[in-house]
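Everything below concerns the one structure shown next.
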Amino acid sequence: MLKKIFMRMTNNLGLKLLAVMFASVVWLAVVNIDDPKTTRTFTTTVTVENNDYLTEIGKYYEIINNSNTVTFKVSGKRSYLERMSNIDFKATADLEMIENMSRVPIEIMAQRYNGYVTVASKINYLELNVEDLVSKPFMISVQTEGNVQDKHALGETSVSPTLLRVSGPASLVDTVDKAVATVNVEGMFQDITDSVIPVLYDKDGNEIDSRDLSFNIQNVMVSVRILATKEVTLNFQTTGTLPAGYEYLGIDYNPQTVTVKGLPAVLNTVNSIIIPEEVLNLTDAVEDIRKEVDISSYLPSGVTLLDSKQTKISVTVKIEKHSRKKFQMPTANITVGSLGSRYDAKFLSDTVEVQLEGLSSELDELDASTLTGSIDVRGMLEGEHTVSLQLNLDSKFTLVKNVTVTVDIVPKGTDQGTNSDKEDADQAGSDKGDSDEESSEGANSEEADSEKKDTGTGKTAASGTGAAKKPNS
């Protein structure tokens with residue numbers, strides 16, 4: 001039996017071997033025709049290895065030109081390539097292999113069918129922008145947003161810690177101008193404390209993207225004091241003496257009041273801000289004094305200005321030089337004092353000229369008809385006398401020089417009060433002749449004797465010029 005089988009197998013052995021070889025060739029031909037070798041393009045993301053390599057040497061890198069995504073060609077049998085996708089490949093860039101501090105070669109490997117496909121030999125690079133890694137400290141400032149409750153104001157602010165260390169690429173760190181911790185105070189009326197994340201700003205006030213930066217701290221504690229407010233007046237005082245002929249008119253300043261802030265217990269004791277007299281010295285001033293006064297140093301302890309723009313106050317001390325003006329004062333406004341009961345006093349003119357000194361505006365408003373004065377004729381006998389006039393002046397006016405008036409003292413009942421009356425009387429006396437003159441002289445003599453007796457001194461009273469009194473000022 002075995003022999004028969006063996007004979008069959010070895011019978012026409014050459015033909016059988018030839019048939020096997022032919023079948024193999026045919027199979028290979030069919031396979032190559034149905035599953036040809038081809039090339040496909042794949043894209044994958046580059047994985048960076050040894051990231052700390054550049055950091056350890058004080059460098060910072062940034063991938064540029066989107067080179068962290070690589071596209072490559074793979075060749076192999078179509079049957080394999082069709083079953084592969086982008087995730088079947090791994091692309092890596094080892095930073096230790098960096099060239100010229102600008103690029104790193106990318107190695108691409110197939111994670112499936114590695115022995116049946118081939119990645120193109122073209123070298124791809126991960127492109128980098130490499131710069132120095134720096135670290136700088138920045139003072140943290142506090143900023144508030146929103147408005148506190150009415151009649152309240154922001155007081156002192158504080159932050160802890162006060163320094164923020166920023167690390168990152170030099171080009172980015174150099175753009176940082178300040179670090180700000182912002183807290184919301186909307187509607188607040190008492191002190192607050194809050195945890196805040198600091199934000200970086202450039203010199204133009206734009207917020208800086210800090211994703212490529214690192215910080216030594218993430219949050220800071222911010223405290224804000226809320227104070228009460230109050231409106232108070234300003235009280236300017238002066239010192240010094242003006243030269244003669246000049247007058248102090250007052251002080252103009254703006255603003256008239258300022259708003260201050262502080263603790264309620266302190267504000268309750270403050271109603272005005274007193275600026276001491278030495279600030280405004282009027283000595284020898286002959287024109288308005290204009291100056292800017294910084295009132296901040298005169299604020300009570302624990303009190304500050306709500307608006308810092310009100311620190312300096314524009315002050316004008318008004319000073320005016322006196323003017324002089326002449327007035328024709330009616331003599332009818334003059335009171336005669338100490339006149340004997342048996343006499344009348346008649347003024348020889350209707351007006352008397354007086355020169356007054358004062359502010360021009362007030363002199364212009366003064367009406368001569370309102371001026372009054374007095375003379376004292378104590379001890380004066382009948383006849384004409386030149387007497388000093390005492391004016392009743394308001395304190396804002398002064399008499400430039402002493403004024404005298406001429407008064408005629410006559411027996412009571414004699415109609416001789418004006419210049420025209422006196423002329424008529426003189427004319428009548430002239431017409432009567434010498435006899436009347438002698439009679440008049442006798443009467444005058446008798447009157448004089450009578451006056452001597454009235455004095456009780458035995459001496460004749462002087463009938464000359466009355467003693468001048470110092471004018472009112």
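Keep in mind that what you see is a predicted model, and the values were worked out from it rather than measured.
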Candidate pair Asp288 and Lys318, rule salt bridge (Lys or Arg N to Asp or Glu O under 4.0 Å), full reasoning: CA-CA 5 Å; Asp288 290 352; Lys318 294 187 292 184; over 6 Å; no
Verdict with reasoning, Met188 to Val224, per side-chain contact (heavy atoms from CB on, under 4.5 Å): CA-CA 10 Å; Met188 296 297 179; Val224 180; over 6 Å; no
Full working for salt bridge (Lys or Arg N to Asp or Glu O under 4.0 Å) between Asp307 and Lys309: CA-CA 5 Å; Asp307 185 358; Lys309 294 180 182 178; 5.8 Å; no
Evaluation steps, side-chain hydrogen bond (donor to acceptor under 3.5 Å, both in side chains), between Ser338 and Asp376: CA-CA 6 Å; Ser338 302; Asp376 189 343; 3.1 Å; yes
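In this structure, Asn216 contributes its side chain and Arg165 its backbone to a donor-acceptor pair below 3.5 Å. At least one donor-acceptor pair closer than 3.5 Å links the side chain of Lys291 to the backbone N or O of Val279. Put simply, the side chain of Thr331 gets close to the backbone of Asp350: a donor and an acceptor are under 3.5 Å apart. Between the side chain of Asp177 and the backbone N or O of Asp204 there is no donor-acceptor pair closer than 3.5 Å. Here the side chain of Gln310 pairs no donor or acceptor atom with the backbone of Leu305 at under 3.5 angstrom.
For Glu277 against Thr239, the heavy-atom pair with the smallest separation is O-CG2, 3.4 Å. Here the closest non-hydrogen pair linking Leu363 and Lys325 is O-NZ, 3.9 Å. In plain terms, the two heavy atoms of Ser369 and Asn333 that are nearest each other are O-ND2, 2.9 Å. Pro198 and Asn219 get closest at one heavy-atom pair: CD-CA, 4.4 Å.
Within a 6.0 Å sphere centred on NZ of Lys178, heavy atoms belonging to other residues, nucleotides or ligands number 12 at most.
Side-chain contact annotation: Thr47 with Thr92, donor-acceptor N/O pair under 3.5 Å absent. No side-chain donor-acceptor contact under 3.5 Å links Ser67 and Asn65. Neither side chain, Thr335 nor Ser374, offers a donor N or O lying under 3.5 Å from an acceptor on the other.
Between Phe42 and Phe89, the ring planes lie tilted relative to each other; the angle falls in the 30° to 60° range. Ring geometry for Phe236 versus Tyr253: interplanar angle of 30 to 60°, hence tilted.
Thr257 has its side chain within reach of Thr233: a pair of non-hydrogen atoms, C-beta onward, lies under 4.5 Å apart.
Taking CD of Glu357 as the reference point, atom CD of Glu247 lies at 9.5 Å (rounded to 0.5 Å).
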